[in-house]
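It should be emphasised that the depicted structure is a prediction, and the values quoted were computed from it without experimental measurement.
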Amino acid sequence: MCDTKAEKMEQSVVFKWDDISGKPKESNKEIYKKIVDEIYKEAEKDGIFENKYMDIKRFEELSRAPEYFFILGDEKIYKYQAKYCLWLWFFDDLVDNNNSTIEYVKNIVDEMDILVEDIKQQIITGNNINIQIQKYNYIVKNFATFVCCLFNLIKNKVNSKEWWNRFLNNHIKYMKHSLIVKQNSSNSDLSFNLALEYRLYDSACYQCFDLFELQIDDFLDDKSYFSKIYSKLRFLANKNISLVNDIYSWPKDHYNDNLTNLIIDRVAKEQGSLSDASSYLLNIINNDILIFDHLSKSVTHNHPSLQKLIFMLKWNMVSHWNWALSTNRYKHKFSLLPEFLI
């Protein structure tokens, strides 16, 4: 039987990179605010806040997250990164909402699947895309607008078609796995390994990592992207962000939102208690950081773009942790991590 209260723990996440702050620069505060205001107005125009599953207060709470996750360089590129990140929050909160039915979410996923295939075919066959945006659900329409604008910005870049194919594939996998997670939220027989497999796509990390390539202004060819080392590093970074998030978000999911935490609840069942589950996962997380650090050092200076992307993977792991600490969203008296106890 799992304990319902978390024991205060001494062990926590130990990152290895003193040169990575994972925090936004205070000097960029006005730029961040301007971009978030623009994103809000566009989302409002698409009708996102008129839907009962979307909460303007939640948007305000989450709007600072992209400041942490992406390093501000080109303002146009950062806006697309931030816009997609906040779009993910819209969809994620819709899926997690107990009032949104599986059928409702499935209809949105099916609609997005059709849109993504249409976009992919248009990108393969030509240099322009034409989407009948108005016929789609508001959240699909908002994504379609994002794609159309970004496509025009990067269409002449080398390897951009390969990039779009990877990004769109990861995007639709994320949505399909979000539906799978919702369908299996009460499946107590789901193993940890299968739950983790679902979680790594449900996390949305893979397509957010893809957005780093916009930032370095160098789209990888498929050979570099799917190389053993870079694939493994993306996997480890995703696993880190996902598992750490599941540990610090468990009390909010359980006590505030009445949600099943797919990973924690299953590990607690296998390990016997919540505190044991947290210790078990923290051991995995900290060992994975060591593996990531070792592998990342094997990428030579002959691959400058990969080195930049690896730096951003490190940044993303640290910044997710810092952002979670900076908001009251995950602070709880029953936290499984000492840093989040109140």
Side-chain angles (χ1 to χ4, degrees), residues 6 8-9 12-15 20-40 43 48-49 53-72 78-79 81-98 178 199 202-205 208-209 211 237-238 240-259 261-264 278 281-282 285 312 314-342:
K8 186 173 181 179
M9 301 192 59
S12 195
V13 181
V14 182
F15 294 106
I20 294 179
S21 72
K23 295 179 181 179
K25 290 183 179 179
E26 189 65 26
S27 58
N28 292 329
K29 187 175 181 179
E30 291 304 313
I31 298 175
Y32 293 133
K33 183 179 184 304
K34 180 190 73 172
I35 291 173
V36 167
D37 287 346
E38 291 173 3
I39 293 170
Y40 170 81
I48 279 182
F49 299 116
Y53 304 115
M54 297 298 127
D55 186 347
I56 181 60
K57 291 183 179 179
R58 187 68 62 87
F59 175 84
E60 292 171 351
E61 178 186 20
L62 298 171
S63 63
R64 291 204 62 199
E67 298 174 24
Y68 285 81
F69 302 163
F70 301 103
I71 304 169
L72 180 62
Y78 173 77
K79 181 179 177 180
Q81 292 171 321
K83 186 172 184 178
Y84 184 73
C85 185
L86 291 168
W87 181 93
L88 291 171
W89 290 113
F90 296 147
F91 181 71
D92 193 60
D93 281 356
L94 182 153
V95 174
D96 285 347
N97 193 302
N98 286 316
S178 294
R199 183 69 178 99
D202 170 60
S203 70
C205 285
C208 286
F209 296 163
L211 294 176
N238 186 352
N240 174 281
I241 292 167
S242 301
L243 292 183
V244 172
N245 174 272
D246 284 349
I247 297 174
Y248 63 60
S249 66
W250 180 85
K252 182 185 78 70
D253 293 343
H254 185 79
Y255 292 106
N256 299 356
D257 301 334
N258 193 30
L259 296 172
N261 187 302
L262 196 66
I263 296 294
I264 299 296
S278 184
L281 291 174
L282 283 168
I285 288 163
M312 290 178 183
K314 294 176 183 177
W315 180 280
N316 217 233
M317 287 186 272
V318 177
S319 64
H320 269 81
W321 173 260
N322 287 336
W323 172 75
L325 286 172
S326 75
T327 175
N328 290 324
R329 180 177 171 86
Y330 303 106
K331 300 289 178 66
H332 204 282
K333 64 181 179 180
F334 296 132
S335 176
L336 301 172
L337 293 170
E339 295 90 342
F340 292 85
L341 282 169
I342 56 174

Enquirer: By side chain to side chain donor-acceptor pair (under 3.5 Å), which residues pair with Lys79, not counting sequence neighbours?
Expert: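 So Lys79 forms a side chain to side chain donor-acceptor pair (under 3.5 Å) with Glu38, Glu42.
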Enquirer: For Asp96, give me all partners under side chain to side chain contact (heavy atoms under 4.5 Å, CB included), at least two apart in sequence or on another chain.
Expert: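 Asp96 satisfies side chain to side chain contact (heavy atoms under 4.5 Å, CB included) with Asp92, Leu259 once adjacent residues are dropped.
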Enquirer: List for me each residue that meets side chain to side chain contact (heavy atoms under 4.5 Å, CB included) alongside Ala204, sequence neighbours excluded, and say none if there are none.
Expert: Leu88, Tyr174, Gln207
Enquirer: Specify the closest pair of heavy atoms between Ser249 and Asn261, including all atoms of both residues, with the distance to one decimal.
Expert: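 For Ser249 versus Asn261, the nearest heavy atoms are OG-ND2, 3.8 Å.
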Enquirer: Who passes salt bridge (Lys or Arg N to Asp or Glu O under 4.0 Å) against Glu26, sequence neighbours left out?
Expert: Lys29
Enquirer: Between Asn322 and Gly22, is there a donor-acceptor pair closer than 3.5 Å when you use the side chain of the first and the backbone of the second?
Expert: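 Looks like yes, one N/O pair under 3.5 Å.
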Enquirer: About how many Å separate CD1 of Ile20 and CD1 of Ile71, when rounded to the nearest 0.5 Å?
Expert: 8.0 Å
Enquirer: Using the test side chain to side chain donor-acceptor pair (under 3.5 Å), find all partners of Arg64 that sit at least two apart in sequence or belong to another chain.
Expert: Glu67
Enquirer: Taking only residues two or more places apart in sequence, or in another chain, which ones meet Tyr40 in a ring-ring contact (aromatic ring centres under 6.0 Å, His included)?
Expert: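 With neighbours one apart ignored, the set is Phe49, Phe59.
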Enquirer: Who are the side chain to side chain donor-acceptor pair (under 3.5 Å) partners of Asn240, not counting sequence neighbours?
Expert: none
Enquirer: Step by step, would you call Thr327 with Tyr68 a side chain to side chain contact (heavy atoms under 4.5 Å, CB included)?
Expert: CA-CA 12 Å; Thr327 175; Tyr68 285 81; over 6 Å; no
Enquirer: NZ of Lys333 to OH of Tyr255: how many Å apart, nearest 0.5 Å?
Expert: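 Taking NZ in Lys333 and OH in Tyr255, the distance rounds to 8.5 Å.
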Enquirer: Evaluate side chain to side chain contact (heavy atoms under 4.5 Å, CB included) for Asn256 paired with His332, printing each intermediate quantity in order.
Expert: CA-CA 10 Å; Asn256 299 356; His332 204 282; 3.6 Å; yes
Enquirer: Closest heavy-atom contact between Leu337 and Ser12?
Expert: CD2-OG, 4.1 Å
Enquirer: Using side chain to side chain donor-acceptor pair (under 3.5 Å) as the criterion, list what pairs up with Asn316, not counting sequence neighbours.
Expert: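 For Asn316, no residue satisfies side chain to side chain donor-acceptor pair (under 3.5 Å) once neighbours in sequence are set aside.
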Enquirer: According to ring-ring contact (aromatic ring centres under 6.0 Å, His included), who are the partners of Tyr78, at least two apart in sequence or on a separate chain?
Expert: Tyr32
Enquirer: Over all heavy atoms of both residues, which pair between Leu86 and Ser63 is shortest? Give the atoms and the distance, please.
Expert: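 Scanning both residues, the minimum pair turns out to be CD2-CA, 3.8 Å.
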Enquirer: Could you go step by step and tell me if Arg199 and Asp202 meet the salt bridge (Lys or Arg N to Asp or Glu O under 4.0 Å) rule?
Expert: CA-CA 5 Å; Arg199 183 69 178 99; Asp202 170 60; 3.4 Å; yes
Enquirer: Just verifying a value: how many Å separate Asp246 CG and Ser278 OG, rounded to the nearest 0.5 Å?
Expert: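 Nearest 0.5 Å value for the CG-OG distance: 11.0 Å.
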Enquirer: Consider side chain to side chain contact (heavy atoms under 4.5 Å, CB included). Of Leu341, Ile264, Leu281, Leu282, which one does Leu336 pass it with?
Expert: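 Of Leu341, Ile264, Leu281, Leu282, side chain to side chain contact (heavy atoms under 4.5 Å, CB included) with Leu336 is met by Ile264 alone.
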Enquirer: Using modelled atom types and a 3.5 Å cut-off, is there a donor and acceptor pairing between side-chain atoms of Gln81 and backbone atoms of Pro66?
Expert: no
Enquirer: I need the Cys208 SG to Met312 CE distance, nearest 0.5 Å.
Expert: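 Here the interatomic distance stands at 13.5 Å.
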Enquirer: About how many Å separate OG of Ser203 and CZ of Phe209, when rounded to the nearest 0.5 Å?
Expert: 7.0 Å
Enquirer: With sequence neighbours excluded, tell me which residues meet ring-ring contact (aromatic ring centres under 6.0 Å, His included) with His320.
Expert: Phe69
Enquirer: Apply side chain to side chain contact (heavy atoms under 4.5 Å, CB included) to residues Trp321 and Glu339 and explain how you reach the verdict.
Expert: CA-CA 10 Å; Trp321 173 260; Glu339 295 90 342; 3.7 Å; yes
Enquirer: Could you state the interatomic distance from CD1 (Ile247) to OH (Tyr330), rounded to the nearest 0.5 Å?
Expert: 13.5 Å
Enquirer: Do Pro24 and Leu72 make a side-chain contact, defined as non-hydrogen atoms from C-beta onward lying under 4.5 Å apart?
Expert: no
Enquirer: Once side chain to side chain contact (heavy atoms under 4.5 Å, CB included) is applied, do any residues pair with Lys331, and if so which ones, sequence neighbours excluded?
Expert: Asn328, Phe340, Ile342
Enquirer: Once side chain to side chain contact (heavy atoms under 4.5 Å, CB included) is applied, do any residues pair with Ser21, and if so which ones, sequence neighbours excluded?
Expert: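 For Ser21, the residues satisfying side chain to side chain contact (heavy atoms under 4.5 Å, CB included) (neighbours in sequence not counted) are Lys23, Trp315.
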Enquirer: Does some side-chain heavy atom of Cys85 sit less than 4.5 Å from a side-chain heavy atom of Trp89?
Expert: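 SC-SC contact between Trp89 and Cys85 confirmed.
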